There are 2 protein chains.
Amino acid sequence: MRTTSIRNMEEFASFSGISRPTVSKYFNDPSSVRRSTREKIERALERCDYQPNIFAINQNRKLTKNIGIMVPYLADPFFAEIARRIETLVISSGYTPILLSSHGDADLEVDNLNSLRAIKPAGVLLAPLGRASNRGAIESFCADFPTVNFDANIEGVGEAFVGHNNAQATAVMLQYLVRSGEPPVFFEMRTPPNPNANKRRIAYIETMEQLGHSPHVVQADGEGWEIEEIGFREGKRAIANRELASGTVFCSNDRLAIGFLAAAYEMGIRVGLGDDCSLRVAGHDNHPFSRFTCPTLTTISHNYSAIAARSVETIMAFIDSGTRASNRESMLFDGELIMRASA
Amino acid sequence: MRTTSIRNMEEFASFSGISRPTVSKYFNDPSSVRRSTREKIERALERCDYQPNIFAINQNRKLTKNIGIMVPYLADPFFAEIARRIETLVISSGYTPILLSSHGDADLEVDNLNSLRAIKPAGVLLAPLGRASNRGAIESFCADFPTVNFDANIEGVGEAFVGHNNAQATAVMLQYLVRSGEPPVFFEMRTPPNPNANKRRIAYIETMEQLGHSPHVVQADGEGWEIEEIGFREGKRAIANRELASGTVFCSNDRLAIGFLAAAYEMGIRVGLGDDCSLRVAGHDNHPFSRFTCPTLTTISHNYSAIAARSVETIMAFIDSGTRASNRESMLFDGELIMRASA
DNA sequence: TCTAAAAGTTTACTCGCGTAAAAATTTAAA
DNA sequence: TTTAAATTTTTACGCGAGTAAACTTTTAGA
C-alpha cells in the first residue's frame, strides 16, 4: 500500500498499535522488545514507509550511531581502498560511516574535526596528515571522542594505533633484494607528506648496515601529494645525474615507484629481472595500480584487510565498553612481499 | 579565555548580551542582523567555543545546508578526483558536503539514497551507477529532493544533467588517430559498468563510417569495476588471438587502456609512435594516472573543472530559487585531446 | 492456578533551536 | 526634533524523539 503517510513516531505508534515509548525502544534495539511486539512493528513498517527522524533522535542522545572516518587524501587510491573496506565494516556493524578527506590540507583537517564534533560521533577512525597536522586540535578532539588512529601514527594521540609494520616490511624487501642481486639505493621524498616515510628510511639504513652494506639514500625534491609527478621528475634527474649508486632502486612508496618507472621508461632504461634489463625497481604499499605498471611492480603489501578490520574492532570495543584506553596500544601488521616483474 | 562552558544558544545569547532569536537569526545569516549586533556576537564567539547544535537546527528546518554527493565507485581515481573538486566547491558555497560511494553495488546505491533522505539535503549531486541502478528508487528520490545528475546520464532523472560530450570527444580522438596513422579498432567491455561506454561505441562506429572506414569493435569479457584487470587479461587474449584488425587501439576508457598497456608490455610489444613500435594505444578520460603509464597515454580529457563547477552552480540555482526544472536541461562539455607518447 | 518477573502503557518532562507575533527600541531620513 | 522604517526583545509554541516514573498487562515458572 504505502499510501498512509506517517509524519512521526506518534502516528506510527498508533498505526502499529504499539505505544510510542515501546516503538522508540524498538528502534534503539529491536531485540529489547518482546517477539510478538517486534513482529507487530515490523509488519506495520512494511505497510508504510516511516523512518525515525535522525535529527530528533540524535538531539537527546549523548552518543550517536555515527562513526567518523577521516583520511588525509581520498584521491590517493591507497586511502580510497582502505576507506572502502572500513566503510563496509562499519556499516555491517550497524553504524553509519561519515567519510571525510582532508585533501592534504591541515586547515581542512581541523575543519573536518569540527564537522565531526558537530555530529557527536560514537567513535572516530583517524588517519591524520602527520607532520603537517595541527597536533593540538587533534589532541583536544581525541579527548572528547574515542578515536582510533590508523595508518599514520601520531604518538599519544587517540586510544590506540593500528598500522603497517614499516620496519619489518622494509627489512623483508631489503633482504629479498640483496639476496637476489645488488643492494638497493633508497629513493624517497625529501619532505614526504606521510610520516611512514621516515620509518622506512630508518629501517632501510639499519637493515643495510646489519647486512653489511652501506646505505645510499636518494632524495627527491617537491612538496605535496602529486607523488607520481615527483617520482617522475626527480627520477629522471637522478638517472641523468647518475645519482643511483646501484642498479636496484627501492622506492619509499609505490606512487613514487610508479613515477620512477615512467621516468626509466621514457629514458629508454629497461626495468626488470631479464638479461636485457639494467635496473630493478621495488616499491612499498601494494598500491591498487601496482599490478598494472610496466613492468608490474615488485612491492610489499600492507595487510589491508587486517588493518581495516582491527581498526573497526578496536573502536567498537571502546564504544561498547564506554571506557577509554588506560595505556595506548600500538598494533602493527606485517607486510607481505609481492614479487612481480620489476625486481 | 575559553573557560566559560556554554551549553546552548540560550546561554550563549545571554553571554553575548543579545536575545536568543536574534542570535538564531545571526547563525542563519550573519548579514541579516545589524552590524553592531553582529560584532557583539562575533566578539562573544571569540571568547567561548559555542557552536549551535546541528541536530536541533535541522530538526525544524525543512531545508538543511547539506548537499549530498554520490558517486558509483570512489576507489576509482576518476570519481575521487571529480568528487574532490565538487566537495571543495560545495564548501566554498557555504554548504556541507556529504560524500557517499555506492561501491559499485546497486543495493548500496539505494541504501545511500535512503541515508540522504534522512538528512534532508538541500540538494544532491548524483552520479548513478547507470544500467544497474534501481531507476524507481532514484526517480522517487529525485521527486523529493532537487537533484543534479552528473557523469552518467539517466534520462529523465533529476533536474538537469551535466556531463562529458562523449560523441565529440570520441570523434576528435578518432580524427586524430586516422589522420596520424591507421584507423583504430575500438576496445571495450562487453558489459561496461558505466553507461558512457555505449555512447562511445556508437560515436566510434558513426565517426568511422563518416570517415569512410569500417569499424571494428573488440569486446572484453568480465563484470564489475576491476577494469584494469579486465583490460589486462582480455588485452592479452586479443593480442594473442590476433583479434586486433589494426595496429591502433582506441580503448573505451583509460582504465581499460592501462590494463591493455600492461598486457602489451608483458607480451613484449612496443607501444608508441617510434619506428620500433608496432602498436598505438589511446584512451579516454584523462585518468589521473594516465600521465604515468609506459608509454604515457594519449587520451581525451573530461573538462573536470567545468563539469564540477557547472554541477554545483546548477544545484545551487535550484536551491536558491526554490523551483524545480520545467524542462530537464542536458549540459555537455567538450573533451580535449591530450597527446602523449602512446599514440 | 497462583505468583513474580518481564514487558508494555500512560503521562509528562526534556533537549536545543526555529519561528511567529506583538511590543519596545534604535536608526536614519525628513 | 519628528517620524517612519528597520531591528531587536519578549513571549510563547512547536519539532520529533529520548526517557523516567508509576501503573497495568502479559508471560513464564512453580
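Just so we're on the same page: letters track the sequence lines, and every chain starts at 1. For the numbers below, each heavy atom of this structure counts, side chains included, while hydrogens, waters and symmetry mates do not. The structure presented is a predicted model; accordingly, all values stated were derived computationally and were not measured.
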In this structure, how many angstroms lie between the [atom2] atom of [N] and the [atom1] atom of [X], rounded?
X	N	atom1	atom2	answer
Glu10(A)	dT9(C)	CD	P	12 Å
Lys120(B)	dG18(C)	NZ	P	13 Å
Ile54(B)	dG18(C)	CD1	C1'	15 Å
Lys65(A)	dA17(D)	NZ	P	17 Å
Phe55(A)	dA17(D)	CZ	P	12 Å
Gln59(B)	dT19(C)	CD	P	12 Å

Classify the nucleic acid contact of Phe12(B) as base, sugar-phosphate or nothing, counting any heavy atom under 4.0 Å across all strands shown.
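Nothing: the residue Phe12(B), judged by heavy atoms under 4.0 Å, touches no strand.
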
Tabulated below should be each protein N or O lying under 3.5 Å from an N or O of nucleotides 18-20 of chain D; please produce it.
| residue | atom | partner | partner atom | Å |
| --- | --- | --- | --- | --- |
| dG18(D) | OP2 | Ser24(A) | OG | 2.3 |
| dG18(D) | N7 | Arg20(A) | NH1 | 3.4 |
| dG18(D) | O6 | Arg20(A) | NH2 | 2.8 |
| dT19(D) | OP1 | Lys62(A) | NZ | 3.0 |
| dT19(D) | O4 | Arg20(A) | NH2 | 3.3 |

Would the distance check show the side chain of [X] and the main-chain N or O of [Y] forming a donor-acceptor pair, the cut-off being under 3.5 Å?
X	Y	value
Gln59(A)	Phe55(B)	no
Arg324(B)	Phe145(B)	yes
Ser311(A)	Ile307(A)	yes
Glu11(A)	Ile6(A)	no
Thr147(B)	Cys142(B)	no
Glu159(B)	Phe318(B)	no

Could you check which of dT9(C), dA17(D), dC17(C) has an atom nearest any side-chain atom of Asn53(A)?
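Of dT9(C), dA17(D), dC17(C), dA17(D) is nearest to the side chain of Asn53(A).
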
Side-chain N,O ([X]) to OP1/OP2 ([N]) below 4.0 Å:
X	N	result
Asn8(B)	dG16(C)	yes
Tyr26(B)	dT7(D)	no
Ser19(A)	dT9(C)	yes

Residue pair Phe150(A) / Phe161(A): nearest heavy atoms and the distance that separates them:
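Minimum heavy-atom separation between Phe150(A) and Phe161(A): C-CE1, 3.8 Å.
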
Considering all heavy atoms, the nearest Glu139(A)-Val157(A) contact
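Looking at all heavy atoms of both residues, the closest pair is CG-CG2, 3.9 Å.
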
Just grab all the side chain to side chain donor-acceptor pair (under 3.5 Å) pairs involving residues 95-104 of chain A, residues at least two apart or on different chains.
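For residues 95-104 of chain A: Ser101(A)-His103(A), His103(A)-Glu87(B).
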
Between the protein and nucleotides 24-30 of chain D, list the N/O to N/O atom pairs that are separated by less than 3.5 angstrom.
none

